[in-house]
Every structure is written in C-alpha cells, then in structure tokens.
Amino acid sequence: MAESVRVDAWVWAVRLYKTRSQATAACRAGHVRIDGERAKPAQKVGVGSTVEVRGGERVRIVEVRQLLTKRVGAPVAQAAYLDHSPPPPPKELASAFGVRDRGAGRPTKRERREIDKLRGRPSR
C-alpha cells in the first residue's frame with residue numbers, strides 16, 4: 001500500500017470533483033490546499049493531512065483517513081475522509097435574488113443593469 005497519493009487523484013477519487021481534469025485544474029488555480037499550503041496537482045497527500053477544497057461558494061475541509069487512487073463508490077469515498085467543513089448556508093440566503101416571477105419574460109435593459117449592480121458586475 002502506498003504511503004502517499006497525488007492530491008488531484010485523491011480529491012477526484014473521493015468525489016470532491018466530478019472529473020480528474022477538473023481536480024487538476026482546481027489545483028493549478030489554487031483552489032486546493034494541503035495543511036494550509038497551496039497544492040500543485042502532483043503534490044503528495046498522506047493519511048492525517050488536511051485538504052481544503054474551494055468550489056463555488058462552499059469550502060470543504062477534509063482530513064485524509066484512507067488513501068485512494070481509483071474512483072470508488074460513494075459510501076467507500078465518504079469513509080476515506082473526515083469532514084470538518086462548516087455547514088452550507090441556508091437555501092433562503094443562497095438564492096436571495098435572481099428569482100423572477102413565472103411568465104414575467106426576459107428582463108428589460110433597466111432590470112438587467114439593476115441585476116448586474118446587485119451582483120457587483122461592471123456595466124457593459
């Protein structure tokens with residue numbers, strides 16, 4: 001049994017990313033950290049290491065309990081790590097804006113500018 005595994009392969013194997021290429025790209029972009037340090041895709045992870053994965057609005061903090069190199073079923077994948085992540089925000093806060101009444105049609109130019117302002121995007 002190996003003492004360490006590539007971090008991109010491990011986060012893919014435990015189903016934190018859908019594909020291996022997404023896991024590699026996330027490592028390159030700096031969205032994966034091992035013990036607080038930015039991780040490159042080929043960096044090794046061992047049992048007891050803490051892996052922090054940023055994906056969208058959510059941060060997952062997991063502790064490695066078992067090393068995996070191949071993708072496995074969900075129950076086995078969940079047993080391979082201990083989750084220390086903060087709970088996700090309530091759904092009411094997650095979709096506070098961006099909801100339109102059914103049948104309201106496309107937003108007007110003025111409404112689109114207001115939406116962009118809410119999201120913090122620069123105007124076009």
Side-chain angles (χ1 to χ4, degrees):
M1 187 96 190
E3 293 180 13
S4 60
V5 177
R6 286 176 58 116
V7 68
D8 63 339
W10 188 81
V11 295
W12 165 74
V14 296
R15 297 170 174 261
L16 295 177
Y17 283 102
K18 224 172 192 179
T19 65
R20 173 87 183 262
S21 58
Q22 283 180 344
T24 304
C27 290
R28 285 194 185 119
H31 300 298
V32 178
R33 294 180 173 268
I34 299 174
D35 297 325
E37 298 293 322
R38 192 172 168 174
K40 292 183 178 180
Q43 191 168 340
K44 301 293 184 176
V45 66
V47 175
S49 298
T50 302
V51 179
E52 182 178 324
V53 177
R54 294 185 183 278
E57 299 292 320
R58 185 129 190 248
V59 177
R60 302 280 310 264
I61 302 167
V62 296
E63 182 182 332
V64 180
R65 296 174 78 188
Q66 181 183 358
L67 298 176
L68 300 172
T69 55
K70 303 264 184 183
R71 194 149 167 113
V72 292
V76 178
Q78 287 179 339
Y81 62 85
L82 188 61
D83 199 353
H84 297 293
S85 305
K91 290 188 178 186
E92 297 83 32
L93 294 177
S95 62
F97 61 91
V99 178
R100 292 184 56 80
D101 294 331
R102 188 166 172 86
R106 293 179 58 182
T108 64
K109 190 171 189 175
R110 180 179 181 186
E111 291 170 337
R112 205 170 53 244
R113 286 181 177 155
E114 290 172 357
I115 291 169
D116 287 344
K117 191 185 301 182
L118 278 174
R119 290 184 180 169
R121 294 182 185 162
S123 58
R124 297 176 214 177

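Values below: all heavy atoms of this structure, side chains included; hydrogens, waters and symmetry mates excluded.
Residues forming a side chain to side chain donor-acceptor pair (under 3.5 Å) with Ser85 (at least two apart in sequence, or on another chain): Asp83. Residues satisfying the side chain to side chain contact (heavy atoms under 4.5 Å, CB included) test with Ala29, not counting sequence neighbours, are His31. In terms of the side chain to side chain contact (heavy atoms under 4.5 Å, CB included) criterion, residue partners of Glu114 (sequence neighbours excluded) are, by chain and number, Arg110. Every residue meeting the side chain to side chain donor-acceptor pair (under 3.5 Å) condition with Ser21, not counting sequence neighbours, appears here in chain and number order: Thr19.
Salt bridge status for Glu111 with Arg113: absent, with no side-chain N to carboxylate O gap under 4.0 Å.
Residue pairs meeting the salt bridge (Lys or Arg N to Asp or Glu O under 4.0 Å) criterion with at least one member in residues 20-38, sequence neighbours excluded, are Asp8-Arg20.
Side-chain contact between Leu68 and Val5: absent, with no pair of heavy atoms (C-beta onward) separated by less than 4.5 Å. Using a 4.5 Å cut-off on side-chain heavy atoms (C-beta onward), Val51 and Val53 make contact. Counting heavy atoms from C-beta outward, Leu82 and His84 have side chains that approach closer than 4.5 Å. Between Val64 and Tyr81, the closest side-chain pair of non-hydrogen atoms is not below 4.5 Å. The shortest side-chain heavy-atom distance between Val76 and Gln78 does not fall under the 4.5 Å cut-off. With contacts defined as side-chain heavy-atom distances shorter than 4.5 Å, the pair Arg15/Arg71 qualifies.
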Check step by step if side chain to side chain contact (heavy atoms under 4.5 Å, CB included) holds for Val32 and Tyr17.
CA-CA 11 Å; Val32 178; Tyr17 283 102; 4.2 Å; yes
Tell me, with the steps shown, if Ile61 and Val59 meet side chain to side chain contact (heavy atoms under 4.5 Å, CB included).
CA-CA 7 Å; Ile61 302 167; Val59 177; 4.1 Å; yes
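With rounding to the nearest 0.5 angstrom, the CG atom of Leu16 is 6.0 Å from the CH2 atom of Trp10. A distance of 9.5 Å separates CG in Leu67 from CD in Glu3, rounded to the nearest 0.5 Å.
When the side chains of ILVMFWY residues are joined at heavy-atom separations under 4.5 Å, either directly or via intervening members, Val14 and Val7 end up in a single hydrophobic cluster.
For Ala13 against Ala77, the heavy-atom pair with the smallest separation is O-CB, 4.1 Å.
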Got a list of side-chain donor-acceptor pairs under 3.5 Å for residues 43-50, not counting sequence neighbours?
| from | atom 1 | to | atom 2 | distance (Å) |
| --- | --- | --- | --- | --- |
| Gln43 | OE1 | Lys40 | N | 3.4 |
| Ser49 | OG | Gly46 | N | 3.4 |
| Ser49 | OG | Gly46 | O | 3.0 |

